[in-house]
Every structure is written in C-alpha cells, then in structure tokens.
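Structure, as structure tokens:
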Amino acid sequence: MTGRTAATATPAATPGDVAARATAGFRQRYGGQPAGRWAAPGRVNLIGEHTDYNDGFVLPFALPLRTVVAAAARDDERWTVWSELSADPVEFGPAEADEPGQVTGWAGYVAGVVWTLRAAGYAVPGARLAVASDVPVGSGLSSSAAVEAAVLAALVELGGLDLPADRWPRLAQRAENDYVGAPTGIMDQSAVIRGRAGHALFLDCRTEVVEQIPFDLDTAGLAVLVVDSRAPHRHADGEYAARRASCEEAARVLGVPALRDVAVADLDAALRKLSDGETRRRVRHVVTENQRVLDVVELLRTGRVRDTGPLLTASHASMRDDFEITVPEVDTAVDAALAAGAYGARMTGGGFGGCVLALVDADRAPAVADAVTAAYAERGFAAPGILTVRPAAGAARLD
C-alpha cells in the first residue's frame, strides 16, 4: 500500500530509560536525590479472560515495560506525587487519603495505596514521589496496577513496614476497587507483583495460590508480539460491569458459588437451566476459558509452547462470539497475524479496545508485524503499536 510505513516488531524499552526519567522528575520537582527507585511492570494475559472475578484461573506474565517511582520520605504526614503524565504535582493528606474518591484522576491510584495501607493498620510514611512509565495508558496492559505496585513497594520500604509481598496483591486490588472505584479482579496486581522472568503466573483466583510456569520463548525460537490496537475503549466500564453482573446472576441461578464451579463436562446441562441466550453465551465463555487455561498450563509444563497457539485463537473466538467484548481493530489484528503465520492470537485484557498478543516464530516477527500494520491501513485504522515481549520480573527496588 503506497504511503504506508513498514512496521517493525520493536523490543520493549529497558527499565533504565524510564528510571532515569523518574529520577530527573524527582530532582526537578523536589530538589535533591530520591532515597530509592522502585519499579513494577505492566502485564499481558496469555490466556484466561474474565475468569478472575468468577473465581477461575488466569495465566498472565509481567512485561519488560515498567512504571518507576523515585521517592523519599518526608517528616510530615503528607504525600506529594508528580507524574510525567501531568504538569503539576498533586498533594494530599490524611483527610483526602482516608476518604475514597477524594483524590481523583491518575493520583487516585497513589492515594488509594496510602488509603489501603492505613486501613490495614500500617503507619504509612509521608513521602515525595515522582512517577515515570513506559506502560501505555488505556491499552489493557495494567498501567494502573503497575503504578499501585511501584508505589506500594516504595512506601513499604520507606516506612519499614512489616508487610510480606504475598499480601501486596490483595491490598493493591483493594486500592483500585474501593478507593478508585474500578471493579478489577486480583489478576493484574498478582501479575505485576509476583511475576518472574521467563515464566507465566498460573493463578487460582479463588485460593490465590500461584505457580510459576516456565514460558521459555527463546529456547523454542518463538516470540510474543503485543499489538496495541489503538482502539478507543468503547463503553468499557459499563460493559465490564454488565458482564460481571451477568456472570454473578448466572452462578446464583445455577446454585454454585461462582462459574468456576461449573465443569466443562456439565456445561450443556447448566446452559439448559438458563433462560436467555445472552446469559448462556456468557457462561459458555467463562467455563470453556477456564478449561483453556488449564490446557495451556499443561502444554507449557511439558515445553510444548507452539501447541498452545490453537487454544489462544479459540479464546479469541469465544471472546468475540460468546462474551462479545472485541472490536473491529482487535479482530483485524488477530486475523492478520494468523494469516501471516502466527501459531495463535487473541485479544488480551478486559475488552472493547486494548491489545492483541500473537505467538510467532521469532524470525517471522517483523513480517507478522508488517502484515498487521498493512491490514490496519487497508481498513483505515490508525497504525497500531507493536512490541516483542518476553516474561519479565515483578515489582522490585531498582537501587
């Protein structure tokens, strides 16, 4: 297509770049040096969409893309936070921190962490914080969870708080659910906090038991492309809430604690108990998606990474046809990647926009990226952003 710039499957930015920006922001806004820098990654979900709030199974992995917080304690009980997303810092004290919703916008995620720690009985130190990030906002890669986890790591260490890391995900989730008001499950916070390089995180969302599953792309000669669809999120919040409510009502009708308790073998019988086609489709997605997660985990345990591809593609079809959460941009990316030779491709994230991932041969990654970009141009869509990614480590202090 004339006038089209060829796509490249570019590697994710290194943490050092964003860390330098956080330090520079701290110096500019507050003067002096931060006491330390703490980082948390974005995440992509390999498989297991809308299963988390149904007490099911998910398989995310942490990304090399990072949010970094440069921070130092202050003597009073105040918190000042600057982000490169905003020209002006936001300052708040206990009155605002202790009342959910008082701090809004991007700073609400920071205030939410302070709130959840204080509500849990911890003496949270006052602090000055500067935030920089390479995790795209609004793309479905958990930029909010990355902020929460990096801020949490900073405040725990600055305050010398006795708070084991395995408790961090639930606290970070509570900040997002109850302070910000976003009804997310536990997956995002678990992935960005407990992720491990070279592994996917198999999480049972009911028990919160995790298992690190080897996901060795290099040895297999494979790569994962993450395609930012650039699609605006269309009614995402209301549609997400509607699907969650539908699943919870279906579980009530079926007499089970959650849809996780419906086995694939019992699916047909369960569907016959539901009165309308839309609810039956929602239930079918959740039940079959849980099974796909379990099947992918078994394949990865035996090193059969390529064989996961058809399950990824089946997951996308289920999200498109049964859960009805895809949009033309993400469907186009999936179809183009598959036509160009991807082993599997699917939308990842809550839906109505966001990202697509594709499992490809490493040496085919640029060609698949070009094919997706060409398909976008043919449809008149804005050019996608495309990265090659590998499983990275979770939240940690950088220095």
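Counting heavy atoms from C-beta on, the side chains of P384 and T373 come closer than 4.5 Å. F323 has its side chain within reach of V286: a pair of non-hydrogen atoms, C-beta onward, lies under 4.5 Å apart. In this structure the side chain of S133 never reaches within 4.5 angstrom of the side chain of L85, judged on heavy atoms. Under the 4.5 Å side-chain criterion, counting only non-hydrogen atoms from C-beta, L357 is not in contact with V227. Between T332 and E378 the shortest side-chain heavy-atom distance does not fall below 4.5 Å. You'll find the side chain of Y53 stays beyond 4.5 Å of the side chain of C205, heavy atoms only. The shortest side-chain heavy-atom distance between R346 and E49 falls under the 4.5 Å cut-off. L46 has its side chain within reach of L312: a pair of non-hydrogen atoms, C-beta onward, lies under 4.5 Å apart.
No single ILVMFWY cluster, assembled from side-chain heavy atoms under 4.5 Å apart, contains both L201 and L217. Using a 4.5 Å cut-off between side-chain heavy atoms of Ile, Leu, Val, Met, Phe, Trp and Tyr, with links allowed through other members, Y179 and V131 fall into the same hydrophobic cluster. Cluster annotation: L117 and V103 are assigned to the same hydrophobic cluster (Ile/Leu/Val/Met/Phe/Trp/Tyr, side-chain heavy-atom contacts under 4.5 Å, transitive). Cluster membership check: F352 does not share its hydrophobic cluster with M187, using side-chain heavy-atom separations under 4.5 Å among Ile, Leu, Val, Met, Phe, Trp and Tyr. There is no path of hydrophobic side-chain contacts, each under 4.5 Å, that joins V210 to I213.
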Problem set entry | Full working for side chain to side chain contact (heavy atoms under 4.5 Å, CB included) between V192 and D188 | CA-CA 6 Å; V192 305; D188 294 353; 5.6 Å; no

For this session: Apply side-chain hydrogen bond (donor to acceptor under 3.5 Å, both in side chains) to the pair E289 and S315, showing each step before the final yes or no.
Result: CA-CA 6 Å; E289 184 80 344; S315 172; 2.8 Å; yes

For this session: Go through the steps for R37 and R397 under the test side chain to side chain contact (heavy atoms under 4.5 Å, CB included), then give the verdict.
Result: CA-CA 6 Å; R37 299 181 298 182; R397 180 170 179 153; over 6 Å; no

Exercise. What's the verdict on salt bridge (Lys or Arg N to Asp or Glu O under 4.0 Å) for R194 and D166, showing C-alpha distance, side-chain angles and the deciding distance?
Worked result: CA-CA 8 Å; R194 306 182 76 173; D166 61 2; 5.5 Å; no

Exercise. Can you check side-chain hydrogen bond (donor to acceptor under 3.5 Å, both in side chains) on S190 and R43, steps first, answer last?
Worked result: CA-CA 10 Å; S190 296; R43 70 97 186 96; over 6 Å; no

For this session: Take D55 and R206 through the test salt bridge (Lys or Arg N to Asp or Glu O under 4.0 Å) and record every step on the way to the result.
Result: CA-CA 5 Å; D55 280 1; R206 171 173 287 168; 3.1 Å; yes

Exercise. Step by step, would you call V296 with V293 a side chain to side chain contact (heavy atoms under 4.5 Å, CB included)?
Worked result: CA-CA 5 Å; V296 168; V293 175; 5.9 Å; no

For this session: Output, in order, the C-alpha distance, side-chain angles, deciding distance and verdict of side-chain hydrogen bond (donor to acceptor under 3.5 Å, both in side chains) for Q189 and E176.
Result: CA-CA 10 Å; Q189 290 79 10; E176 189 150 351; 3.2 Å; yes

Exercise. Under the side chain to side chain contact (heavy atoms under 4.5 Å, CB included) criterion, do L387 and L65 qualify, and how do the steps go?
Worked result: CA-CA 10 Å; L387 296 171; L65 300 169; 3.7 Å; yes

Exercise. Would R292 and T288 satisfy side-chain hydrogen bond (donor to acceptor under 3.5 Å, both in side chains), going step by step from the backbone distance to the final call?
Worked result: CA-CA 6 Å; R292 283 187 286 269; T288 58; 3.2 Å; yes

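In this structure, A123 and L161 approach most closely via the heavy-atom pair O-CD2, 3.4 Å. The minimum heavy-atom distance between L225 and A369, with the atom names listed, is CD1-N, 4.0 Å. In this structure, D88 and W82 approach most closely via the heavy-atom pair C-CD1, 4.4 Å. Between A146 and T67 the shortest heavy-atom distance is CB-OG1, 3.5 Å. Among all heavy-atom pairs drawn from S229 and G354, the shortest one is OG-O, 2.5 Å. G350 and I325 make their closest contact through O-CD1, 3.7 Å (heavy atoms, listed as atom of the first residue, atom of the second, distance).
A 6.0 Å sphere centred on CZ of R174 holds more than 12 heavy atoms belonging to other residues, nucleotides or ligands. Within a 6.0 Å radius of CG in D162, no more than 12 heavy atoms belonging to other residues, nucleotides or ligands are found. Residue D75 qualifies as open at atom CG: its count of foreign heavy atoms under 6.0 Å is 12 or below.
Here the CG-CG distance, from L171 to L163, works out to 5.5 Å after rounding to the nearest 0.5 Å. Note that CG of L222 is 10.5 Å distant from CZ of R390, once rounded to the nearest 0.5 Å. Considering CZ of R196 and CZ of F215, their distance stands at 15.5 Å, rounded to 0.5 Å. Interatomic distance, L59 CG to L203 CG, rounded to the nearest 0.5 Å: 9.5 Å. Remark: R74 CZ to T80 OG1 distance equals 4.0 Å, nearest 0.5 Å. How far CH2 of W115 is from CD of E99: 10.0 Å, rounded to the nearest 0.5 Å.
Here D322 does not pair with R280 in a salt bridge; the nearest charged N to carboxylate O distance is not below 4.0 Å. With respect to R379 and E329, no salt bridge is recorded, no charged nitrogen being found less than 4.0 Å from a carboxylate O. Under a 4.0 Å N-O distance rule, the pair D134/R66 does not qualify as a salt bridge. Contact check on E324 versus R243 returns no salt bridge, with no Lys/Arg side-chain nitrogen under 4.0 Å from an Asp/Glu carboxylate oxygen. By the 4.0 Å N-to-carboxylate-O rule, D228 lies close enough to R230 to be salt-bridged with it. A salt bridge links R306 with D361: the closest approach of a Lys/Arg side-chain nitrogen to an acidic carboxylate oxygen falls below 4.0 angstrom. For the pair D98 and R118, the salt-bridge criterion is met [side-chain N within less than 4.0 Å of a carboxylate O]. For R304 and D307, the salt-bridge test passes: some basic side-chain N is under 4.0 Å from an acidic carboxylate O.
Among residues at least two apart or in separate chains, there is no side chain to side chain donor-acceptor pair (under 3.5 Å) pair with a member in residues 102-113.
Judged purely by atom type and a 3.5 angstrom limit, D276 uses its side chain to pair as donor or acceptor with the backbone of E278.
Between T326 and D331, the side chains place a donor N or O and an acceptor N or O closer than 3.5 Å (distance only, hydrogens not considered).
Considering only residues two or more places apart in sequence or on other chains, A153 meets the side-chain contact (heavy atoms from CB on, under 4.5 Å) condition with W38, W168.
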